[in-house]
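A short worksheet on the structure shown next.
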Amino acid sequence: MGVMPMYGVAIREAIASNDIAKMEAVAEQAKQTIREQGDLSAALLELLEAIDSLKGKK
């Protein structure tokens, strides 16, 4: 299995596969991505708040 971007679809596909080896591999990739990139959801919220803030200054 090659490297695949970690997003909900990839994780859900691994779950649906019922392949424990694939599920474990995807889980390890997801954990590594989180270690490297941090919380993408929190970063997105910060970005959206910054956009809203700038729009409010117009």
Side-chain angles (χ1 to χ4, degrees):
M1 185 174 112
V3 175
M4 95 173 44
M6 283 296 103
Y7 52 94
V9 173
I11 292 171
R12 288 181 182 94
E13 284 178 357
I15 293 167
S17 76
N18 286 323
D19 178 339
I20 190 74
K22 180 177 182 177
M23 293 167 78
E24 289 174 336
V26 170
E28 285 305 313
Q29 275 187 258
K31 287 189 272 185
Q32 181 64 33
T33 298
I34 290 168
R35 282 191 293 272
E36 291 172 359
Q37 297 183 13
D39 186 351
L40 184 58
S41 296
L44 175 58
L45 290 175
E46 290 175 31
L47 175 60
L48 294 172
E49 287 173 5
I51 290 169
D52 288 344
S53 177
L54 290 173
K55 284 183 175 180
K57 290 182 180 181
K58 289 183 179 179

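No hydrogens, no waters, no symmetry mates; every other heavy atom, side chains included, goes into these values.
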N/O donor-acceptor pair under 3.5 Å between S17 side chain and A14 backbone: yes
Side-chain donor/acceptor of T33 to backbone N/O of Q29, under 3.5 Å: yes
Considering all heavy atoms, the nearest A30-I11 contact: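 For A30 versus I11, the nearest heavy atoms are CB-CD1, 4.4 Å.
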Set of residues satisfying side chain to side chain contact (heavy atoms under 4.5 Å, CB included) with respect to Q32, sequence neighbours excluded: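 Partners of Q32 under the side chain to side chain contact (heavy atoms under 4.5 Å, CB included) test: R35, E36.
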Supply the atom-to-atom distance [X] [atom1] to [Y] [atom2], rounded to the nearest 0.5 angstrom.
| X | Y | atom1 | atom2 | value |
| --- | --- | --- | --- | --- |
| D52 | L48 | CG | CG | 6.5 Å |
| K22 | I15 | NZ | CD1 | 11.0 Å |
| E46 | E49 | CD | CD | 7.0 Å |

